[in-house]
Amino acid sequence: MRIGGSAILALAFGDREIICCQTDGKGSARVVKKIARFDAAGPLLERPEMTGQALAQFLEQHHIKAGRAVVGVPARWVIAQEKEIPPTDASAATAILRLQAERMAMGGDAGGLIVDSAGDVVAGNTRVLLVGMLKAQIDKVRKLTDAAGLHLVAVCPTTLATSALIESDHAMLSLASTGAEFVQWQGGAARTLRPLASADPQQVNLELKRILALGGASGQLRVCDASGGAGLAGLDAKAVSAAELNARIDPAAMNGSAATLKSAGHLPAVALSLVGLDEARLPVNFIDSRLAPEKTSRFGRPAYLAMAAGVAIIVGIISLVMTVHSREAEQAMLAEQLKKLEPDVKAAQARVDRFKFGRTFFENRGGNLDCVRQLSLAFNYDEPIWTTGITLRDNGEGTLQGKSTDQRLILALRDRLMNDKYFARVQLLDLREAGGRGGEITYSISFVYGQSEVRQ
């Protein structure tokens with residue numbers, strides 16, 4: 001296992017890929033030396049040992065030699081809850097948050113959660129974001145990095161790490177091919193972390209507007225677009241750049257399939273590596289949680305819990321009246337905002353319903369309708385030629401029957417079908433006079449319809 005050195009390797013996890021970023025140096029001398037994209041054969045944590053071995057070969061192939069690793073995970077892998085605590089000193093606040101973290105952990109599956117607070121607990125701060133991740137998943141991450149020969153120093157949500165490098169309070173939207181994530185900073189600390197329900201830009205736009213309206217977010221919205229999409233219309237947003245993250249990227253840093261990354265696809269990994277070099281700036285670290293139980297206690301665990309509970313009760317009684325008034329004002333404000341949003345919500349739902357209804361026609365229709373349309377495009381509407389019947393089989397073979405007063409028009413129709421890329425093996429099967437006074441000529445043309453058909 002490679003340990004030590006002034007370099008850090010950031011691994012920004014996706015569902016089936018890892019964006020790798022090696023950054024060297026300290027302070028203002030930090031330089032991004034390597035950026036590479038590793039594509040796994042399956043879900044990353046399904047077989048962590050095998051994925052880690054493949055990652056080790058990939059890192060060696062692209063000369064990435066950093067021994068320490070900080071892992072960034074998607075927001076949908078974690079649970080984030082904002083907790084309200086009474087105004088008190090940092091020590092008592094930490095004790096109260098440990099109780100809250102234990103309650104979150106007892107509600108988790110597969111051995112509970114590892115819970116950390118987003119940022120250091122500050123005296124007098126009454127709102128703190130707690131972030132938890134399944135211990136079983138963290139163990140799989142550790143198995144993966146161990147198999148890759150890396151020393152795991154931190155595990156943190158990637159979006160939180162990226163937003164931690166932006167100065168001042170802000171709201172940030174992170175866009176990736178797998179979905180969108182939202183984070184809100186207030187008072188120098190993260191307050192909200194949530195994955196958005198949809199990756200569709202229109203749905204993200206609507207959901208984000210609701211979040212900003214209900215949450216009272218302040219500051220300009222920042223967007224870290226790693227998806228290569230068209231962005232979000234109608235929002236006052238500013239893109240996150242490498243210069244804003246104070247990242248110096250070596251021109252020869254792109255390795256592996258990193259050149260295929262869309263837009264700012266490498267920026268989350270770059271930000272993760274920068275905060276990894278300065279672990280004090282990590283908003284969350286599940287490997288070294290601020291809320292981890294103290295290893296030694298003079299009074300023992302029961303006495304410690306009793307003291308923390310006593311402090312919480314005393315301070316809670318003092319702040320009860322203030323909390324009630326604050327909640328009532330907040331409730332009135334939210335009720336008013338919800339009432340104002342009702343027309344927009346109803347209009348949006350009506351548009352979604354119309355879209356879903358119309359989409360079923362395109363999803364469920366067969367190829368016969370497309371074939372008939374393509375045949376109709378081969379006819380000139382000002383010529384005396386028409387069709388009397390169409391036969392179309394499931395394998396694309398078909399026959400067109402019709403009449404005309406001029407044999408040349410029939411031959412021209414055949415030629416147009418032969419030159420149409422959607423038809424193959426076009427043949428004139430029958431051409432004869434229909435009898436009667438009109439001098440009509442009947443015809444029959446066979447064909448094979450289908451875009452993938454190779455014309456013989």
Side-chain angles (χ1 to χ4, degrees), residues 10-19 43-45 70-83 101 104-105 107-110 113-119 128-138 140-141 154-166 170-186 189-201 203-208 210-212 214-215 217 221-227 229 232 237 240 264-273 275-276 281-287 289:
L11 303 174
F13 279 21
D15 289 331
R16 293 173 178 263
E17 75 282 342
I18 301 175
I19 308 302
L44 293 181
L45 301 185
V70 53
V71 171
V73 298
R76 63 180 180 277
W77 289 14
V78 304
I79 298 174
Q81 297 179 1
E82 187 180 40
K83 299 295 183 180
M104 288 178 61
D109 297 326
L113 302 172
I114 301 297
V115 183
D116 194 8
S117 63
V128 179
L129 182 67
L130 297 186
V131 186
M133 183 174 175
L134 285 174
K135 183 178 182 299
Q137 281 189 301
I138 296 176
K140 290 181 179 179
V141 171
V155 176
C156 175
T158 306
T159 301
L160 270 184
T162 305
S163 61
L165 293 180
I166 301 176
H170 61 279
M172 196 190 83
L173 178 68
S174 177
L175 297 174
S177 58
T178 55
E181 300 175 4
F182 175 81
V183 62
Q184 171 72 41
W185 284 70
Q186 289 180 349
R191 293 289 180 254
T192 303
L193 172 65
R194 59 185 295 181
L196 302 189
S198 172
D200 178 71
Q203 297 300 320
V204 171
N205 197 329
L206 292 174
E207 187 172 357
L208 186 58
R210 288 196 295 268
I211 293 174
L212 295 177
L214 295 176
L221 175 66
R222 314 308 306 278
V223 176
C224 183
D225 188 0
S227 66
L232 299 176
V240 177
H266 62 284
L267 285 186
V270 171
L272 190 64
S273 67
V275 296
R281 299 192 67 177
L282 277 170
V284 169
N285 186 358
F286 296 119
I287 301 302
S289 170

Please round to the nearest 0.5 Å and tell me the distance separating atom CE of Met133 and atom CD1 of Ile114. 10.0 Å
Leu267 versus Thr162: any side-chain heavy-atom pair under 4.5 Å? no
Do side-chain atoms of Ser163 reach the backbone of Leu160 as a donor and acceptor pair under 3.5 angstrom? yes
Set out, in order, the CA-CA distance, both residues' side-chain angles and the distance that settles side chain to side chain contact (heavy atoms under 4.5 Å, CB included) for Ile79 and Val131, then state yes or no. CA-CA 6 Å; Ile79 298 174; Val131 186; over 6 Å; no
For Trp77 and Phe13, take the angle between the two ring planes, folded into 0 to 90°, and tell me which bin it lands in: parallel under 30, tilted 30 to 60, perpendicular over 60. perpendicular
Is there a donor-acceptor contact under 3.5 Å from the side chain of Ser174 to the main chain of Glu181? no
Which atom names give the shortest non-hydrogen contact between Ile166 and Arg222, and what distance separates them? CG2-NH1, 3.6 Å
Please report the closest heavy-atom contact between Val284 and Ala118, naming both atoms and the distance. CG2-CA, 3.9 Å
Return the CE to CD distance between Met172 and Gln184, rounded to the nearest 0.5 Å. 11.5 Å
Shortest non-hydrogen pair, Thr158 vs Pro268, comes out as CG2-CB, 3.5 Å
Closest approach of Leu44 to Glu17 (non-hydrogen atoms, all atoms of both residues): CD1-O, 3.6 Å
Would you say that Arg76 contacts Asp15 through its side chain, given a criterion of any heavy-atom pair below 4.5 Å between the two side chains? yes
Val275 vs Val70 side-chain heavy atoms within contact, under 4.5 Å: no
How far does OG1 of Thr192 sit from CZ of Phe182, to the nearest 0.5 angstrom? 6.0 Å
In short, Leu272 meets Leu11 closest at the heavy-atom pair CD2-O, 3.8 Å
To the nearest 0.5 angstrom, please state how far the CD atom of Gln186 sits from the CG atom of Leu129. 11.5 Å
So which atom in Leu173 and which in Ala180 form the shortest heavy-atom distance, rounded to 0.1 Å? CD1-CB, 4.2 Å
Ignoring hydrogens and angles, tell me if any N or O in the side chain of Asp116 forms a donor-acceptor pair with the backbone of Phe286 under 3.5 Å. no
